[in-house]
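As a basis for the values below, the full set of heavy atoms in this structure was taken, side chains included, without hydrogen atoms, waters or symmetry mates. Sequential numbering from 1 along the given sequence is applied to the chain's residues.
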Amino acid sequence: MEMNENDIRQLLEGIKSGNIMIEEGVEKLKELPFKDLGYAKIDNHREVRVGYPEIIYSEGKTVEQVKEIVKFMLTRGNNILATRANEEMYIEIQKIYKEAEYFPEARIIRIIQREIEKTKSYIAVVTAGTSDIPISEEVSITAETFGNEVKRIYDVGVAGIHRLFHKIDIIRGAKVVVVVAGMEGALASVVGGLVDKPVIAVPTSVGYGANFKGLSALLAMLNSCASGVTVVNIDNGFGAGYTASMINKL
């Protein structure tokens with residue numbers, strides 16, 4: 001089983017009381033730091049340190065490597081999130097865990113083995129255009145997997161800013177706002193100037209040539225004149241969803 005801080009306390013108390021033999025405790029703790037698969041060292045200790053288990057970044061890995069990592073993580077009782085995954089990976093993972101879910105827009109494979117209580121506060125995910133939805137879904141699915149309520153406000157970019165104002169009460173009600181935008185990335189500054197909550201800006205690679213695959217949006221967001229806007233890397237929906245979750249649970 002995957003061990004969090006509470007599990008370790010219970011194990012030590014069991015050893016202290018004599019209900020758990022020392023040898024059994026040693027076996028449980030043997031693979032706590034990490035499991036070496038040769039091509040990957042799975043960080044079993046991460047949830048103890050930071051509150052979340054390790055996430056699988058699938059791009060650049062073979063289908064078989066992702067499958068074997070998932071197979072081991074299943075033995076630990078983990079909730080599993082594999083980002084930047086393709087359908088071939090999902091088909092193979094379904095063979096070892098048929099309840100696995102695949103979100104093709106977000107390119108995420110998800111396995112839920114332990115239910116996480118949903119937060120009462122919510123994260124607003126605000127998207128400039130329909131073309132930004134794949135990254136927005138990476139944000140949303142990541143945050144939901146970590147037990148957050150998410151409200152999606154899609155296609156409200158500055159080219160038709162009245163669409164944003166129509167949803168402003170929902171956005172202002174969030175504990176943290178994630179703004180996903182390509183092109184010139186102006187939406188993050190607009191939202192940052194309208195809310196009193198942290199704004200996480202996600203530049204996307206959506207745009208024509210001078211967008212430089214997201215660089216123009218990244219630089220615009222980094223140079224935002226609105227206070228309270230923090231920026232993640234280009235197309236890093238996972239990073240934004242993870243950080244938004246941490247803020248929402250403070």
Side-chain angles (χ1 to χ4, degrees), residues 1-4 31-119 123 125 127 132-150 152 178 180 200 202 204-205 214 232-246 248-249:
M1 288 290 291
E2 175 68 16
M3 300 185 78
N4 55 35
E31 289 186 341
L32 181 58
F34 65 90
K35 171 70 173 177
D36 192 347
L37 298 180
Y39 51 83
K41 293 178 177 63
I42 301 173
D43 186 357
N44 300 321
H45 194 262
R46 189 167 303 186
E47 188 168 5
V48 177
R49 299 195 313 271
V50 303
Y52 297 97
E54 185 173 14
I55 308 303
I56 305 166
Y57 180 78
S58 306
E59 204 162 59
K61 293 182 176 68
T62 67
V63 173
E64 190 62 24
Q65 285 172 342
V66 173
K67 182 180 178 181
E68 289 302 310
I69 291 169
V70 169
K71 186 184 293 185
F72 172 75
M73 292 180 76
L74 284 169
T75 69
R76 308 288 295 182
N78 280 326
N79 287 342
I80 299 170
L81 198 69
T83 65
R84 301 302 165 96
N86 58 45
E87 193 166 357
E88 187 182 357
M89 293 170 180
Y90 171 60
I91 290 168
E92 287 302 308
I93 287 169
Q94 264 201 318
K95 292 176 182 177
I96 58 174
Y97 196 88
K98 65 180 181 179
E99 289 84 10
E101 303 171 90
Y102 185 54
F103 302 89
E105 274 192 310
R107 293 192 290 164
I108 284 176
I109 298 168
R110 182 173 72 182
I111 292 173
I112 300 293
Q113 295 193 97
R114 290 182 290 139
E115 287 298 325
I116 300 175
E117 186 178 349
K118 284 277 188 181
T119 57
I123 298 166
V125 179
T127 303
D132 299 308
I133 287 177
I135 302 302
S136 299
E137 279 301 297
E138 187 177 50
V139 176
S140 299
I141 299 300
T142 297
E144 287 172 341
T145 301
F146 293 149
N148 298 274
E149 182 72 27
V150 174
R152 295 162 168 82
V178 180
V180 184
I200 301 171
V202 187
T204 74
S205 51
V232 299
N233 207 347
I234 298 166
D235 290 338
N236 189 9
F238 165 74
Y242 187 105
T243 303
S245 174
M246 296 180 76
N248 191 39
K249 291 185 174 185

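- For the residue pair A240 and V139, the shortest heavy atom distance occurs at CB-CG2, 4.2 Å.
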- [ ] Would you check, one step at a time, whether the test side chain to side chain contact (heavy atoms under 4.5 Å, CB included) holds for T145 with I116?
- [x] CA-CA 8 Å; T145 301; I116 300 175; 6.0 Å; no

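- Here Y102 contributes atom OH and R110 contributes atom CZ; the two are 14.0 Å apart, rounded to the nearest 0.5 Å.
- The environment of CD in E99 is crowded: more than 12 heavy-atom neighbours from other residues, nucleotides or ligands sit within 6.0 Å.
- Counting heavy atoms of neighbouring residues, nucleotides and ligands inside a 6.0 Å radius, atom CD of E87 does not exceed 12 of them.
- Rounding to the nearest 0.5 Å places CG of N148 at 4.0 Å from CD1 of I123.
- The side chain to side chain contact (heavy atoms under 4.5 Å, CB included) test applied to S58 returns I56, V66, A82, A85, M89, not counting sequence neighbours.
- Although no hydrogens or angles enter the test, the distance criterion places no donor-acceptor pair under 3.5 Å between the side chain of S245 and the main chain of G241.
- Here K118 does not pair with E149 in a salt bridge; the nearest charged N to carboxylate O distance is not below 4.0 Å.
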Open item on the list: Set out, in order, the CA-CA distance, both residues' side-chain angles and the distance that settles side chain to side chain donor-acceptor pair (under 3.5 Å) for S205 and D235, then state yes or no.
Closed with: CA-CA 7 Å; S205 51; D235 290 338; 2.7 Å; yes

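- Of all the heavy atoms in E138 and G237, the pair that sits closest is OE1-N, 3.0 Å.
- Rounded to the nearest 0.5 angstrom, E64 CD and E92 CD are separated by 7.0 Å.
- Across all their heavy atoms, S140 and R152 have their closest contact at CB-NH2, 3.2 Å.
- Scanning all heavy atoms of the two residues, the minimum distance from K67 to I93 falls at CA-CG1, 4.4 Å.
- No salt bridge links E68 with K61; every basic N to acidic carboxylate O contact stays at or beyond 4.0 Å.
- Put simply, CD1 on I135 and CZ on R107 are 7.0 Å apart, with the number rounded to the nearest 0.5 Å.
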Open item on the list: As a quick check of understanding, evaluate side chain to side chain contact (heavy atoms under 4.5 Å, CB included) for L81 and F238, giving each step before the final call.
Closed with: CA-CA 10 Å; L81 198 69; F238 165 74; 4.3 Å; yes

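- Between Y97 and L74 there is a side-chain heavy-atom pair separated by less than 4.5 Å.
- Between I112 and E115, the closest heavy-atom pair is CG2-OE2, 3.5 Å.
- Rounding to the nearest 0.5 Å gives a distance of 10.0 Å between CZ of F146 and CE of M246.
- Taking every heavy atom of both residues into account, I200 and A244 meet most closely at CD1-N, 3.6 Å.
- At least one donor-acceptor pair under 3.5 Å links the side chain of Y90 to the backbone N or O of A100.
- The structure places CD1 of I109 at 10.0 Å from CD1 of I80, a figure rounded to the nearest 0.5 Å.
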